[in-house]
Participant: 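Please see the structure below; I have some questions.
For clarity, every value in this text was computed on a predicted model and none was experimentally measured. Residue numbers run from 1 in the order of the sequence given.
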Amino acid sequence: MELTLLESGPEALRAGYTCPCGCTPSVEFARGAELAEEGCCCGNHFAVGPRAAASLTPTPGFEPELKTFDAPWGEHLEAAWLVGPSVHGPESGADHHADHHADHAHVAIDPVCGMTVEPEAARARGLFVARGGTDYFFCGKGCKLEFGDDPERFLDPAYVPSM
């Protein structure tokens, strides 16, 4: 997996990656935090923190990966993944992406980042908000929290999701 620092500053950073299934999970890690973690729709798991690798529970069929990097404030951090068999990798990436999303006839768009989200899976993980008679679904905790902080911003027709 290839780590991408999407945003970084003196007190926080947002780190993510592009999963071979086509999703783009990311987490916000704040200075002094122990861990930030997120799962992907295909079952992979991603964590960032000083001891991120140790936080991931070994799971049969999932291989650990680790990258280390320095935060802008000088702290040495780990980005760790558990990558499972549902990921077919770049050699068949286009077919996997098509097959993966063909299996999900009903999808929603995360209003914060624009990712495709399975409503049933998001609902099961508590990653949804009912507002004004409409259910909004989120790819992860970070997007749900951002939406909760300023829903009008993300529901404004002029807002363009960015990830």
Participant: Residues two or more places apart in sequence or in another chain: which of them pass salt bridge (Lys or Arg N to Asp or Glu O under 4.0 Å) with Glu75?
Facilitator: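 With sequence neighbours excluded, Glu75 shows a salt bridge (Lys or Arg N to Asp or Glu O under 4.0 Å) to no residue whatsoever.
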
Participant: Roughly how far, to the nearest 0.5 Å, is the CD atom of Glu38 from the CG atom of Leu127?
Facilitator: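 Leu127 atom CG to Glu38 atom CD measures 7.0 Å (nearest 0.5 Å).
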
Participant: If you measure from OG on Ser8 to CG on Asp70, what distance do you get to the nearest 0.5 Å?
Facilitator: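 The distance works out to 12.0 Å.
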
Participant: Taking the side chain as everything from C-beta on, heavy atoms only, tell me whether Asp149 gets closer than 4.5 Å to Phe154.
Facilitator: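 They are not in side-chain contact.
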
Participant: Can you give me the closest heavy-atom contact between Leu6 and Gly16, atom names plus distance?
Facilitator: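 In this case the closest contact between Leu6 and Gly16 is CD1-N, 4.2 Å.
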
Participant: With clusters defined by side-chain heavy atoms of hydrophobic residues (ILVMFWY) lying less than 4.5 Å apart, directly or transitively, does Val129 cluster with Leu155?
Facilitator: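 Shared cluster, yes.
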
Participant: If two hydrophobic side chains count as joined below 4.5 Å and joins carry through other members, does Val27 share a cluster with Phe69?
Facilitator: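 Yes, it is one cluster - the side chains of Val27 and Phe69 are joined through contacts under 4.5 Å.
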
Participant: Return a table of donor-acceptor pairs under 3.5 angstrom between the side chains of residues 137-148 and protein atoms on other chains or two or more places apart.
Facilitator:
{"residue": "Lys144", "atom": "NZ", "partner": "Gly126", "partner atom": "O", "Å": "2.7"}
{"residue": "Glu146", "atom": "OE2", "partner": "Arg14", "partner atom": "NH2", "Å": "3.4"}

Participant: Indicate the atoms forming the closest heavy-atom contact of Leu13 with Ala71, along with that distance.
Facilitator: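 Result for this residue pair: CD2-CB, 4.0 Å.
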
Participant: Mind checking the CZ-CG spacing from Phe29 to Leu35? Nearest 0.5 Å is all I need.
Facilitator: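 It is 7.5 Å, given to the nearest 0.5 Å.
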
Participant: Assess whether side chain to side chain contact (heavy atoms under 4.5 Å, CB included) is satisfied between Phe62 and Asn44, documenting all intermediate values.
Facilitator: CA-CA 8 Å; Phe62 284 75; Asn44 292 337; 4.0 Å; yes

Participant: Measuring from atom CE of Met115 to atom CG of Asp110, what distance do you get when rounded to the nearest 0.5 angstrom?
Facilitator: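 That separation rounds to 7.5 Å.
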
Participant: Distance from Thr68 atom OG1 to Leu77 atom CG, nearest 0.5 Å?
Facilitator: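 Rounded to the nearest 0.5 Å, the OG1-CG separation comes to 9.5 Å.
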
Participant: When rounded to the nearest 0.5 angstrom, what is the spacing between OG in Ser26 and CG in Leu5?
Facilitator: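 If we round to the nearest 0.5 Å, Ser26:OG and Leu5:CG are 11.0 Å apart.
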
Participant: Grab the two heavy atoms, one from Phe46 and one from Ala79, that are nearest each other, plus how far apart they are.
Facilitator: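 Minimum heavy-atom contact is CE1-CB, 4.1 Å.
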
Participant: Considering all heavy atoms of both residues, which atom of Ala52 and which atom of Ala47 are nearest to each other, and what is their separation?
Facilitator: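 Here Ala52 and Ala47 meet closest at CB-O, 3.6 Å.
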
Participant: Quick one: list whatever passes side-chain hydrogen bond (donor to acceptor under 3.5 Å, both in side chains) with Arg123, sequence neighbours left out.
Facilitator: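 Once residues adjacent in sequence are excluded, the partners of Arg123 under the side-chain hydrogen bond (donor to acceptor under 3.5 Å, both in side chains) criterion are Asp135.
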
Participant: Which atom pair, heavy atoms only, marks the closest approach of Gly39 to His45?
Facilitator: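 Of all heavy-atom pairs spanning Gly39 and His45, the closest is CA-ND1, 4.1 Å.
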
Participant: Keeping Tyr159 on the side-chain end and Glu152 on the backbone end, is there a donor-acceptor pair under 3.5 Å?
Facilitator: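 It does not hold such a pair.
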
Participant: In the structure I gave you, are the side-chain heavy atoms of Val112 and Tyr136 within less than 4.5 Å of one another anywhere?
Facilitator: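 A side-chain contact is absent here, since even the closest heavy-atom pair is not under 4.5 Å.
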
